[in-house]
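Per chain, numbering begins at 1; letters A, B, ... match sequence-line order.
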Amino acid sequence: MEYAESIYKAVLKGDATGVKTGVETALNDGASADQIMQQGLIRAMTEVGRLYESGEYYVPEMLFAARAMQTGLVVLKPQLIQNGVNSAGRVAIGTVKGDLHDIGKNLVGMMLEGAGFEIKDLGTDVEPDKFVALAQNEHVDIIALSALLTTTMTNIAMTIEALRAAGVRDKVKVIIGGAPVTEDFAKKIGADGYSPDASAAVRLVKSLMLQTHDKVSDEEANAVADY
Amino acid sequence: MNGRDRVKAALEFQHPDRPPRDVWALPYISLFRKDELDSLMIEYPMDIGASQLSPGWSDEVVKSCAKAGHYTDDWGSVWYVGQPGVIGEVKEPVLADWSVLVKYQPPWHLIRNRDLSHVNKSCEQSTQFMLSDVTARPFERLQFLRGTENLYIDMISGATEFMTLLEMVHEFYLEDIRQWCTSNVDAIFLMDDWGSNQRLLVNPKIWREIFKPLYKEYCDIIHAAGKFAFFHTDGHTQAIFGDLIEVGMDAINSQLFTMDIEELARLYKGKVTFWGEMDRQHILPFGTPEEVQEAVMRVRRALDDGTGGVIAQCEWGGDNPKENIETVFKSWL
């Protein structure tokens, strides 16, 4: 699968044109959208995450690669839908009420997209009701909440409380992140997980999806998170 | 000792009578809790004063910033403010599209022919150690002008426009700093937030190639004028702490509590003045006074041996109880 290797390399280099051309060529040559996604884009973004966590990549390199990956995804998406290929899961993401910061949120969204998840980005300054309405009316596996300020991180708790009050808390897993947010805070407010960065968020979401759908034990799911 | 002498003694490791004090009240405190701020200043007089005359903030902008809604800064970028008393976030960067760069000019009018006489007067009348307002912040300014995500891509892709803009911003700040150096302030204030909570935002190699030489140039001008260089940087910046000292920063305000404080002390104590701070992400807003006291004592154990090199500084955010801020300064006595 020569095409997969060229797409993989183009993503790692942040070569958006190379990724787009590589995906188009592969499709024209008869490769399946699912194969291109798995062997090209997802494999590359997994490596990006590894390079970030090993300290070789920093945020700009991760962003550069993620943006390149997205140019390929734009080409692939219609084919994936047409072929009935399911995403790895559906994640709604947003910065909570009162907070306008979005760089971290965007990066988490891009990395999850690069891992095969479908992202519903609600933007910034999102009222708790919007998350509630989404959980009530659409299929969502995970809700990812972000806050950068100590004055707005309390609105993460408020959003979780709103989900609980509306009776939809058990329908979704909730993960949280942002500069002042900690594992302890996540436990205290009843979130299902906390991630310090975009790469770790991918592992967290994967492990929560395993818990949700495959009914694996917490230990098995944690093994995925700690791979 | 007055404030000025105390801070100079701390900077030169000449045994100040106590660590100098400095509080950074965020706009929310000045706007909505001014009485508490005033009473803190009476109880614990501060040793560092600042001259309000920043190149990025004309009077018109100062009036509209930190109020919910949006405003345009003097460089042309539009900021959105989600909560009153918070500085906000650039949402419409003026140079998001490179085609605008051809005709773009920084707000030279703010610094050319600037009258610094009232700054000099306030320096003469004060016994505090006087800081300039914030001057150079090249990394942040580039983010405000281009948008953070665009800038990150620029840095990696090596866009030629990026270098043009970097030079333009740098020229502006050189002139700004040269002017401040003709005034009677004691130190020039520089800043750039370089860290996330876990580590540096950008590769230290890129930082050293692109930004370190700029800071060196700023520090050389500042020192040639007989003044001190004060630098603020948020996040986990341990990877470049030594570089900042190497280029000539005399005092560094960093988020100590995101890093290994004891290791920083082991490596750099006696080589630079630690300009605060206290944990403003957890302890100041959510901790008890006892926890605040313990946090101060941790910093003191690591850095305060009585010779100097440390300033008792903390930020006062809108959600921080006054009791916690008082405890900070009480614990430094």
Side-chain angles (χ1 to χ4, degrees), chain A residues 13-17 51-68 70 95-107 109-110 123-127 147-155 177-185 188 194-200, chain B residues 26 28 68-70 79-91 139 143 147-158 162 193-207 210 234-236 239 255 257-258 279-287 315 317-320:
Chain A
K13 280 195 288 188
D15 176 7
T17 311
L51 290 167
Y52 178 81
E53 296 195 6
S54 70
E56 206 170 318
Y57 273 19
Y58 285 76
V59 174
E61 289 88 349
M62 188 192 268
L63 183 66
F64 202 33
R67 280 201 178 180
Q70 282 182 318
T95 308
V96 295
K97 186 184 173 186
D99 202 319
L100 299 172
H101 296 89
D102 61 3
I103 295 156
K105 168 190 73 71
N106 293 347
L107 202 53
M110 282 187 249
T124 61
D125 191 17
V126 183
E127 295 278 350
L148 186 82
L149 308 170
T150 57
T151 49
T152 56
M153 67 188 269
T154 48
N155 293 339
V181 176
T182 61
E183 186 85 54
D184 284 347
F185 179 71
K188 192 175 147 195
Y194 151 79
S195 171
D197 59 55
S199 180
Chain B
L26 292 190
Y28 185 93
H70 59 86
W79 295 63
Y80 282 61
V81 179
Q83 288 186 320
V86 173
I87 207 87
E89 176 93 339
V90 172
K91 293 294 179 190
F139 179 52
Q143 291 179 67
T148 299
E149 290 184 21
N150 286 338
L151 180 74
Y152 284 175
I153 300 295
D154 297 340
M155 288 166 63
I156 297 294
S157 63
F162 166 71
D193 289 343
W194 279 110
S196 69
N197 265 39
Q198 287 77 33
R199 59 166 152 164
L200 218 59
L201 286 166
V202 307
N203 190 319
K205 264 200 252 174
I206 291 178
W207 184 88
I210 300 177
D234 270 350
H236 191 295
Q255 280 188 284
F257 285 78
T258 64
D279 178 1
R280 65 188 137 92
Q281 290 184 320
H282 309 104
I283 292 174
L284 288 180
F286 308 119
E315 187 176 282
D319 55 353
N320 302 172

Taking all heavy atoms of A:Y58 and all of B:L200, pick out the closest pair and write down the distance.
CD2-O, 3.2 Å

Any chance you could lay out the side chain to side chain contact (heavy atoms under 4.5 Å, CB included) test for B:Q281 and A:T182, step after step, and finish with the verdict?
CA-CA 10 Å; B:Q281 290 184 320; A:T182 61; over 6 Å; no

Supply the atom-to-atom distance B:E89 CD to A:D99 CG, rounded to the nearest 0.5 angstrom.
8.0 Å

Identify which part of B:N150 has an atom lying under 4.5 Å from any heavy atom of chain A, answering side chain, backbone, both or neither.
both

Would you say the side-chain atoms of B:N197 pair up with the backbone N or O of A:A179, donor to acceptor, closer than 3.5 Å?
yes

Residues two or more places apart in sequence or in another chain: which of them pass side chain to side chain donor-acceptor pair (under 3.5 Å) with A:T124?
none

Residue part contacting chain A, namely of B:S157, when any heavy atom lies under 4.5 Å
both

Mind listing the closest non-hydrogen atom pair of B:Y80 and A:L100 along with its distance?
O-CD1, 3.2 Å

Considering all heavy atoms of both residues, which atom of B:N203 and which atom of A:E56 are nearest to each other, and what is their separation?
ND2-O, 4.0 Å

If I compare all heavy atoms of A:E61 with all of B:I206, which pair ends up nearest, and what's the gap?
OE2-CD1, 4.0 Å

Do you know which two heavy atoms are closest between B:R280 and A:T150, and how far apart they sit?
O-CG2, 3.6 Å

Under 4.5 Å from any heavy atom of chain B - which part of A:Y57
backbone

So which atom in A:V59 and which in B:Y152 form the shortest heavy-atom distance, rounded to 0.1 Å?
CG1-CE1, 3.5 Å

Can you tell which part of A:L148 gets under 4.5 Å to a heavy atom of chain B, answering side chain, backbone, both or neither?
neither

How would you list, by chain and number, every residue that makes a ring pair (Phe, Tyr, Trp, His ring centres under 6.0 Å) with B:F139, sequence neighbours excluded?
B:W194, B:F211

With chain A as the partner, which of B:H282, B:K205, B:R199 has the greatest number of non-hydrogen pairs under 4.5 Å?
B:R199

Segment of A:M110 engaging chain B (4.5 angstrom heavy-atom cut-off)
side chain

No-hydrogen, no-angle side-chain donor-acceptor test under 3.5 Å, A:D197 and B:Q198
no

